[in-house]
Participant: 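My structure is below; once you've seen it, I'll send some questions.
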Amino acid sequence: MLNLRITKEQVFSLLEQLSWQEKQDIFQYLGQKLHSQAVASQSNLDHALEHPINQLSGKITAFQGVNALAWQEQIRSEWDETGLSH
């Protein structure tokens, strides 16, 4: 497959040579491409939220009953003692 290296300046130069209608056609095409990419990105995000690891939410009980605030304070004090917080 041939791989062309075209600079932004070359593209702009070519655009200057096009008619108004040709420019409109290109803008419409680019708008559609950007919209489809945005939709695909949202779809990927939605798919990520459906990832199997997310199905574990609320099912892991390893930290059940742990006082989160006390644990956080303990970790912070350990960081302070070892100088990791700076």
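When reading the values below, keep in mind they use all heavy atoms of this one structure, side chains included, and skip hydrogens, waters and symmetry mates. For the single chain, residues carry numbers from 1 onward in sequence order.
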Participant: Applying side chain to side chain contact (heavy atoms under 4.5 Å, CB included), can you list everything that pairs with S19, at least two apart in sequence or on another chain?
Facilitator: Q21, E22

Participant: When rounded to the nearest 0.5 angstrom, what distance separates CG in N67 from CD in Q72?
Facilitator: 10.0 Å

Participant: Is W20 reachable from L15 through a run of I, L, V, M, F, W or Y residues, each pair having side-chain heavy atoms under 4.5 Å apart?
Facilitator: no

Participant: Taking L14 as the starting point, is it possible to reach Y29 by hopping between hydrophobic residues whose side chains are less than 4.5 Å apart?
Facilitator: no

Participant: Which value, rounded to the nearest 0.5 Å, describes the distance between K23 atom NZ and Q17 atom CD?
Facilitator: 10.0 Å

Participant: Find out if a path of hydrophobic residues (ILVMFWY) with successive side-chain heavy-atom gaps under 4.5 Å connects F27 to L18.
Facilitator: no

Participant: Given Q24 and Q28, is the side-chain hydrogen bond (donor to acceptor under 3.5 Å, both in side chains) satisfied, shown in steps?
Facilitator: CA-CA 6 Å; Q24 288 295 106; Q28 182 179 4; over 6 Å; no

Participant: Between I75 and E78, is the side chain to side chain contact (heavy atoms under 4.5 Å, CB included) condition met? List the steps.
Facilitator: CA-CA 5 Å; I75 294 299; E78 290 174 10; 4.0 Å; yes

Participant: Do L34 and I26 share a hydrophobic cluster, counting only Ile, Leu, Val, Met, Phe, Trp and Tyr and linking them when any side-chain heavy atoms are less than 4.5 Å apart?
Facilitator: no

Participant: Taking side chain to side chain contact (heavy atoms under 4.5 Å, CB included) as the definition, give me every residue that meets it alongside L4, ordered by chain and number, with sequence neighbours left out.
Facilitator: L2, I6

Participant: Who pairs with T7 by side chain to side chain contact (heavy atoms under 4.5 Å, CB included), at least two apart in sequence or on another chain?
Facilitator: E9, Q10

